[in-house]
**Q** 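Here it is, the structure in full.
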Amino acid sequence: MTKRRPRIRSRRDYLLAHSPDRRLRILYRIRHAVGVLTVAVTVLFLLLNLQLLTPASIKNIRSSLAAASQIASSDTTVISYPAGSPDRILPFGSGLAVCDNGMLTIELPGKYTQMEMEMNYADPVMRSSDQFLLIFDRGANRYSVTNTLTKLDDRTVPSPIIDASIADNGNVAVVTNEAGYKSAVSVYNNIDEEPLYTWSSADYYIMSAAISPDGTRLALFCFGQDGLTLHSKLFFINTKVAECPADPEWTQSSREEDPNVHKVEGIDMGGSLCTGLSFIGRSTVCAVCDDGARIISRSGQIRSELSYAADDLISFDLSDDDAAAICTTSYTQEGRAEIRLLNARSEQTREPLILTEEPDSISYRDGRLAVLTGDTLTFYNRSLRQIDQQHGFAGSSRVFMRAGNLCIAEFSSQARVTTVGNPPEDLTESAIPSTGNS
């Protein structure tokens with residue numbers, strides 16, 4: 001029997017692997033290692049992203065590609081959605097996330113739907129980060145996390161959800177009404193079934209929870225009662241080292257019983273009630289309360305503070321990572337409302353923006369402030385100097401400032417996308433008078 005001649009590829013590999021030239025042998029090993037690594041990375045990617053290969057996800061990807069290939073200049077000014085759903089709309093990705101009539105859709109300019117998904121929640125609430133969208137059913141036990149293409153997590157938690165927030169890395173902080181406790185908070189990711197962190201309190205009600213951009217720290221605004229006295233505290237929790245708030249009855253003996261848990265003291269907030277909480281920067285949070293707005297560091301230092309009466313808060317926006325916009329009643333002779341920007345690096349803006357009318361909506365992001373008043377949309381820079389003004393927004397209820405000088409004005413069944421300094425045509429296709437830059 002004649003010996004079978006080896007294949008050319010095998011012979012070439014053999015010669016390279018046993019070549020007397022050391023450089024050729026090293027080249028062969030490097031090429032072989034790169035090939036093995038490429039295969040391993042490809043398999044790992046497919047295993048971690050199987051959800052991208054589902055029929056629904058493939059349909060969403062095809063829809064997105066079709067939308068991107070067909071958008072014309074006249075399409076980029078209008079986003080359509082079902083009438084009667086303005087309260088369940090949130091900017092996300094390049095468009096708007098709309099959760100209504102048992103469906104979640106991502107609507108893009110040009111009347112294109114990037115994604116659609118069944119979402120049978122009785123009372124859906126949405127929160128977002130740069131890459132992830134969180135939808136939870138308030139008062140029920142379910143939440144979901146998606147990106148712009150597909151659902152990443154659909155989870156049922158043990159207790160009814162009170163509030164939730166999502167980090168830039170996709171970690172979710174969920175506040176629940178826990179049986180046997182006043183409240184509880186847990187942190188989940190979209191991979192592990194069990195929570196990464198859990199704390200249940202028999203002494204505090206958690207009014208609001210914010211999670212840091214990297215998903216490792218929590219800010220909890222809690223309140224408790226001592227007889228008829230209401231006291232509130234702000235806790236900063238490092239979830240990676242098993243920290244939890246110190247209960248009022250915390251003693252040295254209980255510390256010895258559980259030495260692995262690190263108790264942290266809270267920052268006294270008096271009797272304030274929290275209406276908004278968000279991380280501003282890496283290690284500070286903005287707490288908007290009934291009696292004032294404060295930017296507070298983990299050490300308890302107040303970086304910026306704005307005090308006001310309980311009925312004077314008109315609106316606020318915490319969507320920017322760098323500063324918070326606060327609108328309150330003005331008691332000056334020339335104004336009815338005033339807006340201040342609070343950030344973590346310095347005191348609030350020295351002179352507030354005085355408005356002669358109370359605004360319908362405000363939004364701040366990336367150094368641009370949008371103020372909607374009647375049919376007029378006015379833009380300011382971070383120094384609160386007017387840079388543009390556009391008209392023709394009668395009937396708009398909210399505005400959302402976006403990156404890249406874009407702003408989305410929300411109407412009853414559609415939204416208009418406009419650019420600072422470049423007003424689009426009206427929804428009725430009639431020209432909009434503009435004052436231009438001031």
Side-chain angles (χ1 to χ4, degrees), residues 1-71 92-95 97 104 106 108 112-118 128-135 143-155 166-172 187-197 211-217 238-241 282 321 403-404:
M1 177 181 289
T2 59
K3 187 175 181 181
R4 188 174 182 180
R5 188 175 183 180
R7 291 182 296 122
I8 297 298
R9 179 178 176 83
S10 299
R11 181 178 179 82
R12 183 176 68 247
D13 291 344
Y14 177 83
L15 291 176
L16 286 174
H18 298 82
S19 173
D21 191 334
R22 182 171 176 270
R23 291 174 298 177
L24 291 178
R25 295 198 305 272
I26 293 175
L27 179 63
Y28 170 77
R29 294 190 184 99
I30 293 175
R31 191 184 68 176
H32 180 73
V34 170
V36 172
L37 183 61
T38 301
V39 172
V41 169
T42 302
V43 172
L44 182 61
F45 175 82
L46 293 175
L47 290 175
L48 295 177
N49 295 274
L50 288 177
Q51 293 166 316
L52 293 176
L53 304 178
T54 62
S57 178
I58 294 174
K59 179 181 176 182
N60 291 331
I61 294 174
R62 291 177 58 189
S63 176
S64 299
L65 294 175
S69 64
Q70 298 180 28
I71 288 180
F92 184 59
S94 300
L104 170 69
I106 307 294
L108 297 181
Y112 288 104
T113 300
Q114 184 178 22
M115 182 186 72
E116 55 184 11
M117 180 186 309
E118 289 189 9
S128 68
S129 62
D130 287 340
Q131 299 182 35
F132 302 100
L133 178 68
L134 166 68
I135 313 98
Y143 78 80
S144 299
V145 176
T146 77
N147 55 22
T148 56
L149 294 176
T150 188
K151 184 184 294 184
L152 303 175
D153 193 9
D154 190 2
R155 190 180 298 263
I166 188 165
D168 288 345
N169 70 344
N171 284 2
V172 179
V187 176
Y188 298 89
N189 61 21
N190 58 15
I191 299 176
D192 301 315
E193 293 187 6
E194 295 299 322
L196 304 177
Y197 172 84
I211 190 167
S212 63
D214 63 1
T216 63
R217 293 189 179 275
N238 187 341
T239 62
K240 298 183 69 174
V241 294
R282 295 182 177 180
D321 294 335

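Everything quoted here is computed from the prediction, not taken from an experiment. Counting begins at 1 with the first residue of the sequence.
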**Q** Working to the nearest 0.5 Å, report the span between CG of Asp153 and CD of Glu193.
**A** 10.0 Å

**Q** Which of these passes side chain to side chain contact (heavy atoms under 4.5 Å, CB included) with Leu152: Asn147, Thr146, Ile191, Asn189?
**A**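 Answer to the side chain to side chain contact (heavy atoms under 4.5 Å, CB included) test with Leu152 among Asn147, Thr146, Ile191, Asn189: Asn147.
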
**Q** Could you give the distance from CD (Gln114) to CG (Leu149), rounded to the nearest 0.5 Å?
**A**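 So the gap between those two atoms works out to 6.0 Å.
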
**Q** What is the distance from atom CD of Glu116 to atom CD1 of Ile106, rounded to the nearest 0.5 Å?
**A**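 With rounding to 0.5 Å, CD (Glu116) is 11.0 Å from CD1 (Ile106).
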
**Q** Between Phe132 and Asn169, what is the shortest heavy-atom contact and its length?
**A**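 Nearest pair, atom of Phe132 first, then Asn169: CE1-C, 3.7 Å.
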
**Q** How many angstroms lie between atom CG of Leu133 and atom CE of Met115, to the nearest 0.5 angstrom?
**A** 7.0 Å

**Q** Output yes when a side-chain donor or acceptor of Ser144 lies under 3.5 Å from a complementary backbone atom of Ile135, and no otherwise.
**A** no

**Q** Is the backbone N or O of Asp214 less than 3.5 Å from a side-chain atom of Asp168, with the two atoms forming a donor-acceptor pair by type?
**A**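 No; judged by distance alone, with no hydrogens or angles, the pair does not exist.
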
**Q** Applying the side chain to side chain contact (heavy atoms under 4.5 Å, CB included) criterion to Arg217, which one of Val187, Asn238, Thr239 satisfies it?
**A** Asn238

**Q** Quick check: closest heavy atoms across Gln131 and Phe92, and the distance to 0.1 Å?
**A**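 Heavy atoms only, the tightest pair is O-CZ, 3.6 Å.
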
**Q** For Ser129 versus Ala167, what's the shortest heavy-atom pair and its separation?
**A**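 That would be OG-O, 3.2 Å.
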
**Q** Under the side chain to side chain contact (heavy atoms under 4.5 Å, CB included) test against Asn171, which residue among Ile211, Thr216, Asn190, Ile166 passes?
**A**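 So, applying the side chain to side chain contact (heavy atoms under 4.5 Å, CB included) to Asn171 and each of Ile211, Thr216, Asn190, Ile166, only Ile211 qualifies.
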
